[in-house]
Student: 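Can you keep this structure in mind? I'll have questions shortly.
A note on names: the letters A, B, ... follow the listed sequences, proteins ahead of strands, and every chain is numbered from 1. A quick note: this is a predicted structure, and the numbers were derived from the prediction, not measured.
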Number of protein chains: 2
Amino acid sequence: MDARKRQVLEALIDDYIATAEPVGSRTLAKKYGLGVSPATIRNEMADLEDLGFLEQPHTSAGRVPSDKGYRYYVDEIMRPLVLDLAERQRIRQAYQVRVRELHWFIHQTARLVSELTLYPSLVVAPPVEQAALTDLSFVPLGQDTVLMVLKTSTGMVENQTLLVPEEFDSDKLKSLAEDFTQEFRGLAIHDLKNRILDPLQGDVKRYPELWQLALKWVTGHDGDEDKVSLAGPLNILNYPEFRDVDKVRRVLGFLEKETAVELASRYYAEGVQVVIGAESSLDDIQDCSLVTATYRVGGSVVGHLMVLGPRRMHYNRVIGIVEAVSDELSRVLHG
Amino acid sequence: MDARKRQVLEALIDDYIATAEPVGSRTLAKKYGLGVSPATIRNEMADLEDLGFLEQPHTSAGRVPSDKGYRYYVDEIMRPLVLDLAERQRIRQAYQVRVRELHWFIHQTARLVSELTLYPSLVVAPPVEQAALTDLSFVPLGQDTVLMVLKTSTGMVENQTLLVPEEFDSDKLKSLAEDFTQEFRGLAIHDLKNRILDPLQGDVKRYPELWQLALKWVTGHDGDEDKVSLAGPLNILNYPEFRDVDKVRRVLGFLEKETAVELASRYYAEGVQVVIGAESSLDDIQDCSLVTATYRVGGSVVGHLMVLGPRRMHYNRVIGIVEAVSDELSRVLHG
DNA sequence: GTTTAGCACTCTCCTTTCAGGAGTGCTAAG
DNA sequence: CTTAGCACTCCTGAAAGGAGAGTGCTAAAC
């Protein structure tokens, strides 16, 4: 893998990313200043194909990068694009208005990323289920409704309206909230739910009224709702590889399913990860690549951010954007 | 327009809805027990074409209903399908779990409708902007954040987190909330916002601290967010008329834009409305039909519910579903 | 008068064929 | 090692032809 091969590979991938057409030796020689003739490039391309970096759709077409080719490009050749001023500003301003509302953060992030990258983007919120309870209070709303406000160790706030017996007045609720916080503080939400649902724990007897309320919460609470935000799915339609409606259905279907969330969480390692084509071993997105990033609150990874595009994705640009956004998000979440 | 013409029209539309293929006289004679020969049906079809109810894609194809044909079918022939037990139960159970959270209601409704109809569905929430303020309270969350809980005359609750100066302690907030409610109760949210933004009103001077808080609310509050829920957009991909990606883009683009919401609100008349093809005079959805319905709280229309599908939509089924769901939604919102 | 069988006609759709073009690999010369 | 030349392959798009579906019309049957 000498320098010229790398040059050829880079030029070819750049061209293919831009045009979506198989790239021939003549094109490469003409458009990119490689200083050699098409014939020479042909030889290099044949070598690159032997090495597994390129593929030929058919004998007399140009070449197309293989998964392995993209992988080499991403790992060894390309460098993340530095965003221009306007884009950096846009990212900085995106989070200025509101505060502390989980679903707003992820919604905003997903939109921001998909608008900047022109690809669909999925943002997975901090898994509330795993965060620990830090504080809980009840706010009376009407004579039989109450707002339950729950704070977690990841700094997020969750609200949920509950129906309560009428005899729960303001003072009663206050003392119940204190009991609840006292008893359960520090427990992960997930464990807390299990404990509430388990009659053997004895909570039923010790706090009959509180337990009744808590049960309403658990049964009414859909842990997954609002935790994922998808933006810009239609962007996918702008790329010629998605001319086929069946393909569109598979890919967008994937984004709407649980699989996408799972996959995002699978790449748990800090920082930006790239998954190219078949590397995901998911049939539905064989022809797609993913760029995922994590964001943090107080040093630990709490959520994921994912961009999905065709295999010939603008990796350098997307990686640059995803890095910038996840950094900014971590920053504002920390503050 | 004699009885047999109606029969032929009905059979033809039923068949076209089922198959998406132009319907020929032979098919009609064979599949539907009309008791006459293809030749007779041909004559009827020629008449129906003269009347503008049918169209011929080309000389030697079968016939296809025109907008006018569908219109006659919807208004004069078809009757809403009565849902079966399982479906009715499903609708009844859909709203049992949670209470009073606006975004949850519309989200749930959109999902329910799209799953039952197999078409995309859009639900527009009661316009909070137009509802009157009935009550307001602040809940301290941390040393500098506070949850603002706002109740409206449509019975909905809105929450928003605000950043506040540290000197606003619990008692202070309580008295501020009382002042606020006292002063502004009964005002439409929309007017309230304008008033807060208008320095000439004198609120700045009279309630400097409160006004500061209110301003944060107004500027941080995106009136439209969470007010619209789209479900099942991908359903559209299952219909052969949307093989073409450009068409898909136009239609799904329409659903994501403000236009769709506007359109839904345009059909403000109580009950179910059907818009067929070009009747909407919107280019993007020339080949689509819409079924809209309204739902009510305390007797007055507050929101809209919309189903979008190909022109050959299962009108009877969709209308039945939309009626049932909007009734149920009105019922639970009232309670 | 209405209904129907028969038939010629039209138009689409699918397949086949064919030429053009792009790109390759190989060979041999620079 | 590089490059020009050339035969070869394979896709693509246009043109041509046949099959099939469905029609409208005419004339006979009810």
Student: Nearest-nucleotide wise, let me know which of Thr40(B) and Val23(A) is further upstream toward the 5' end of DNA chain C.
Tutor: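 The residue mapped nearer the 5' terminus is Thr40(B).
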
Student: Report the distance from atom CD of Glu55(A) to atom P of dT24(C), rounded to the nearest whole Å.
Tutor: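 Spelled out: CD on Glu55(A) to P on dT24(C) is 15 Å.
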
Student: Please determine whether a side-chain nitrogen or oxygen atom of Ser60(A) lies at a distance below 4.0 Å from atom OP1 or OP2 of dC8(D).
Tutor: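 Ser60(A) to dC8(D) OP1/OP2: no side-chain N or O under 4.0 Å.
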
Student: Do the rings of Tyr119(A) and His314(A) sit parallel, tilted or perpendicular, given the 30° and 60° boundaries?
Tutor: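 Rings of Tyr119(A) and His314(A): tilted, as their planes differ by 30° to 60°.
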
Student: Specify the separation, in whole Å, of atom CD of Gln56(A) and atom C1' of dC11(D).
Tutor: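 Value for this atom pair: 13 Å.
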
Student: Heavy atoms from C-beta onward define the side chain here; which of dT12(C), dG23(C), dT23(D) lies closest to that of His58(B)?
Tutor: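 Closest of the options to the side chain of His58(B): dT12(C).
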
Student: Rounded to the nearest 0.5 Å, what separates atom CD in Gln7(A) from atom CG in Leu34(A)?
Tutor: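 Rounded to the nearest 0.5 Å, the CD-CG separation comes to 5.5 Å.
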
Student: Relative to the 5' end of DNA chain C, which residue comes earlier, Ser25(A) or Val36(B), by the nucleotide with the nearest heavy atom?
Tutor: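 The answer here is Val36(B).
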
Student: Can you tell me how far P of dG1(C) sits from CG of Asp47(B), to the nearest Å?
Tutor: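 It works out to 16 Å between those atoms.
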
Student: For the side chain of Arg42(A), starting at C-beta, report the closest nucleotide among dG25(C), dT23(D), dT10(C).
Tutor: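 Between dG25(C), dT23(D), dT10(C), the one nearest the side chain of Arg42(A) would be dG25(C).
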
Student: Examine the side chains of Asp15(A) and Tyr32(A) and answer whether a donor and an acceptor come within less than 3.5 Å of each other.
Tutor: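 Side-chain D/A pair, Asp15(A) to Tyr32(A): present.
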
Student: Can you figure out which of dT23(D), dT3(D), dG25(C) approaches the side chain of Met45(B) most closely?
Tutor: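 Looking only at heavy atoms from C-beta outward on Met45(B), the closest nucleotide is dT23(D).
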
Student: I need the CZ-C1' distance between Arg26(B) and dG24(D), as an integer number of Å.
Tutor: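 Roughly 17 Å, once rounded to whole Å.
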
Student: Round to a whole Å and report the spacing from CG of Leu48(A) to C1' of dT24(C).
Tutor: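 Between C1' of dT24(C) and CG of Leu48(A): 15 Å.
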
Student: How long is the span from the OH atom in Tyr73(A) to the OH atom in Tyr16(A), to the nearest 0.5 Å?
Tutor: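 The OH atom of Tyr73(A) sits 14.0 Å away from the OH atom of Tyr16(A).
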
Student: Could you tell me the separation between the CG atom of Asn43(B) and the P atom of dC25(D), rounded to a whole number of Å?
Tutor: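 So the two atoms are 9 Å apart, to the nearest Å.
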
Student: Which nucleotide in the list dT23(D), dT2(D), dA5(C) gets nearest to the side chain of Arg4(A)?
Tutor: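 Minimum distance to the Arg4(A) side chain belongs to dT2(D).
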
Student: Can you tell me how far C1' of dC1(D) sits from CD of Glu44(A), to the nearest Å?
Tutor: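 Roughly 11 Å, once rounded to whole Å.
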
Student: Quick one: which of dG24(D), dG5(D), dT4(C) gets closest to the side chain of Arg63(B)?
Tutor: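 From the listed options, dG24(D) comes nearest.
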
Student: Do the side-chain N and O atoms of Ser289(A) and Tyr315(A) include a donor-acceptor pair separated by under 3.5 angstrom?
Tutor: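 Yes, because at least one side-chain N or O of Ser289(A) sits under 3.5 Å from a partner of the opposite role on Tyr315(A).
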
Student: Check the distance between dT3(C)'s C1' and Asp2(B)'s CG and give it to me in whole angstrom.
Tutor: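 My rounded result for the distance is 14 Å.
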
Student: How would you label the contact of Thr59(A) with the nucleic acid (heavy atoms, under 4.0 Å): base, sugar-phosphate, or nothing?
Tutor: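 Result for Thr59(A) = sugar-phosphate.
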
